[in-house]
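Just the heavy atoms: all of them, side chains too, but no hydrogens, waters or symmetry mates, feed the values below.
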Amino acid sequence: MDFIEMLKYIFLGFVQGFTETIPVSSSGHLMIFKELISLDIDFDTLAIVTNFGSLLAIIFLFRKDIFSLIKSFFSYLSTKKDEYKSEYQYCWLIVLGCIPAGLMGLVVSKLELFAKIEDNIKIVGISLLITAFLLFLIRNFKGHKDDSSITAKNAFVVGIFQILGLFPGISRSGSTIVGGMTQQMKRDTAFKYSFMLYIPMSIAAMLLEIGDILEASISIVTWIYYGIAMTVAAIVTFLVTKWFRKIVNNGKLIYFTIYCSIVGLLVILFL
């Protein structure tokens, strides 16, 4: 094992973990660092592996909510008791919110719609500016709807916003939180729903891509590097997501508007 090589994977795992759940686009930042630093690394495989680390962190962070939803879903199916009905319906709202981006993701993957632009660094800059604009629009939104007040229409609209997250460089969490707030959700309600959508979407993406990883010829040492990067991504994602939740609840998304605007302009002008 090469110590310097390991540090590269640790660094990229940190970048993935730090940017995965905040509205700045983790894939966009990996592309930026790929452009800035000459690294002999399979970024596609690294992104899949570190995304899995982030997914594990999100599942752990929301483990109580997930367990409660699963319990209520099956309890309502078997008993039809009203005490389980709200969370039972919330489960179906998660399914509904995943449908638009899920279908579009299949179309994009099959037709390779982004093949010509996904490695274009200028697109990342433009996408960051779009993310900044969306965050600016909802900077003062508060909303009044909690988990039990979300309607099918609200869920579907957020699902439409999630399609934006398929575009290279546009933040998935940013687009869905914006979508939730436009539907008058409370800040924390929009935050939670955004990540309830993140979990099944990430699992689905992982299942679609796992075959390519297993078929690839990857050395044991490289797998160790991937494992280290995944672990770093998981730890950082967990810590950053807890911090991001506070930022959202305090109505301070303007910070990310400023950041995305600055980085987006720098990418367009200099990369």
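With sequence neighbours left out, Asn140 forms a side-chain contact (heavy atoms from CB on, under 4.5 Å) with no residue at all. Qualifying side chain to side chain donor-acceptor pair (under 3.5 Å) partners for Thr231, counting only residues two or more places apart in sequence or in other chains: none.
Between Tyr226 and Tyr9, the ring planes lie perpendicular to each other; the angle is over 60°, past the 30° to 60° tilted range. Using a 30° and 60° split on the angle between ring planes, Phe14 and Phe18 fall in the parallel class, below 30°.
Side-chain contact between Val236 and Val15 is absent, with no heavy-atom pair separated by less than 4.5 Å. With a 4.5 Å cut-off on side-chain heavy atoms, Met230 and Asn51 do not count as touching. Taking 4.5 Å as the limit, every side-chain heavy atom of Thr131 sits out of range of all side-chain heavy atoms of Thr257. Considering only heavy atoms from C-beta on, Val263 stays 4.5 Å or farther from Val24 through its side chain. Side-chain atoms of Phe60 and Thr237, non-hydrogen and from C-beta on, never get closer than 4.5 Å to each other. When side chains are defined from C-beta on, Ile58 does not count as touching Phe238, because their heavy atoms never get closer than 4.5 Å.
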Run the side-chain contact (heavy atoms from CB on, under 4.5 Å) check on Ser127 and Ile123 step by step: do they pass? CA-CA 6 Å; Ser127 298; Ile123 295 296; 3.9 Å; yes
Is there a side-chain contact (heavy atoms from CB on, under 4.5 Å) between Gln16 and His29 once you walk through the steps? CA-CA 8 Å; Gln16 162 66 28; His29 276 70; over 6 Å; no
Take Tyr255 and Lys252 through the side-chain contact (heavy atoms from CB on, under 4.5 Å) test and state the conclusion after the steps. CA-CA 6 Å; Tyr255 296 152; Lys252 302 297 184 181; 3.6 Å; yes
Between Glu20 and Ser26, is a side-chain hydrogen bond (donor to acceptor under 3.5 Å, both in side chains) present by the stated rule, with each step listed? CA-CA 5 Å; Glu20 174 61 27; Ser26 59; 2.7 Å; yes
Show, in sequence, the C-alpha distance, side-chain angles and deciding distance for Thr151 and Leu93, and conclude whether the side-chain contact (heavy atoms from CB on, under 4.5 Å) test is met. CA-CA 8 Å; Thr151 66; Leu93 292 174; over 6 Å; no
Applying ring pair (Phe, Tyr, Trp, His ring centres under 6.0 Å), run through Phe33 and Phe11 and close with a yes or a no. CA-CA 10 Å; Phe33 282 105; Phe11 172 72; 5.1 Å; yes
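At least one donor-acceptor pair closer than 3.5 Å links the side chain of Ser78 to the backbone N or O of Phe74. Put simply, the side chain of Ser173 gets close to the backbone of Thr21: a donor and an acceptor are under 3.5 Å apart. Side chain of Thr50 to backbone of Ala47: a donor-acceptor contact under 3.5 angstrom is found. Side chain of Arg187 to main chain of Phe141: a donor-acceptor pair is present (N/O by atom type, distance under 3.5 Å, no hydrogens or angles). Between the Thr222 side chain and the Ile218 main chain, no donor and acceptor come within less than 3.5 Å of each other. A donor-acceptor pair is defined here as one N or O able to donate and one able to accept, closer than 3.5 Å; no such pair exists between the side chain of Asp188 and the backbone of Asn249. For the pair His144 (side chain) and Lys186 (backbone), a donor-acceptor distance under 3.5 Å is absent. With hydrogens and angles ignored, the 3.5 Å screen pairs a side-chain donor or acceptor of Ser175 with a backbone N or O of Arg172.
More than 12 heavy atoms of other shown residues, nucleotides or ligands fall within 6.0 angstrom of atom CZ in Phe43. Remark: Trp223 CH2 is packed, more than 12 non-hydrogen atoms of other residues, nucleotides or ligands lying under 6.0 Å away. Residue-environment remark: NZ (Lys122) exceeds the threshold of 12 foreign heavy atoms within 6.0 Å. Within 6.0 Å of CG in Asp82 there are 12 or fewer heavy atoms belonging to other residues, nucleotides or ligands. Within 6.0 Å of NZ on Lys80 lie more than 12 heavy atoms contributed by other residues, nucleotides or ligands.
Note that the CD1 atom of Ile121 and the CD1 atom of Ile126 stand 11.0 Å from one another [nearest 0.5 Å]. With rounding to the nearest 0.5 angstrom, the SG atom of Cys260 is 10.0 Å from the CG atom of Leu253. Ile66 CD1 to Leu61 CG: the interatomic distance, rounded to the nearest 0.5 Å, is 9.0 Å. Going from atom CG of Leu69 over to atom CD1 of Ile199 covers 9.5 Å, rounded to the nearest 0.5 Å. Here the CE-CD1 distance, from Met6 to Ile224, works out to 10.0 Å after rounding to the nearest 0.5 Å. Between atom CG of residue Leu30 and atom OG of residue Ser25 there is a gap of 8.5 Å, rounded to the nearest 0.5 Å.
Each of Val124, Ile163, Ile130 was evaluated against Ile170; a single residue qualifies, Ile130, per the side-chain contact (heavy atoms from CB on, under 4.5 Å) test. Each of Tyr88, Tyr84, Tyr90 was scored for a ring-ring contact (aromatic ring centres under 6.0 Å, His included) with Tyr76, with one residue passing: Tyr88. Looking at Glu87, Glu83, Lys81 one by one, the single match for side-chain hydrogen bond (donor to acceptor under 3.5 Å, both in side chains) with Ser72 turns out to be Glu87.
Annotation for Ser171 and Pro23: closest pair OG-CA, 3.0 Å, computed over non-hydrogen atoms. Ser194 approaches Thr176 most closely through the heavy-atom pair OG-OG1, 2.6 Å. Asp146 approaches Thr189 most closely through the heavy-atom pair CA-OG1, 3.4 Å. Here the closest heavy-atom approach between residue Leu96 and residue Ala155 is recorded as CD2-CB, 4.0 Å. In terms of heavy atoms, Met206 sits closest to Ile48 at CE-O, 3.3 Å. Among all heavy-atom pairs drawn from Pro200 and Cys98, the shortest one is CG-SG, 3.5 Å.
The cationic atom of Lys145 (NZ for Lys, CZ for Arg) does not lie both less than 6.0 Å from the six-membered ring centre of Tyr193 and within 45° of the ring axis.
Leu207 and Met201 are members of different hydrophobic clusters when ILVMFWY side chains are connected at heavy-atom separations under 4.5 Å. Grouping the Ile, Leu, Val, Met, Phe, Trp and Tyr side chains by contacts below 4.5 angstrom, directly or via other members, places Leu208 apart from Ile203. Criterion: ILVMFWY side-chain heavy atoms under 4.5 Å apart, direct or through other members. Under it, Val221 and Leu7 are part of a common hydrophobic cluster. Taken together through direct or relayed side-chain contacts under 4.5 Å among Ile, Leu, Val, Met, Phe, Trp and Tyr, Trp243 and Phe62 form part of one hydrophobic cluster. A continuous path of hydrophobic side-chain contacts links Tyr259 to Leu271 [ILVMFWY only; heavy atoms under 4.5 Å].
For Phe256 and Phe136, the gap between ring centers reaches or exceeds 6.0 Å. Side-chain rings of Phe191 and Phe195 approach one another, their centers coming within less than 6.0 Å.
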Tell me which donor-acceptor pairs under 3.5 Å the side chains of residues 177-185 have, and how far apart each pair is, sequence neighbours excluded?
residue : atom : partner : partner atom : Å
Thr182  : OG1  : Gly179  : O            : 2.6
Gln183  : OE1  : Asn154  : ND2          : 2.9

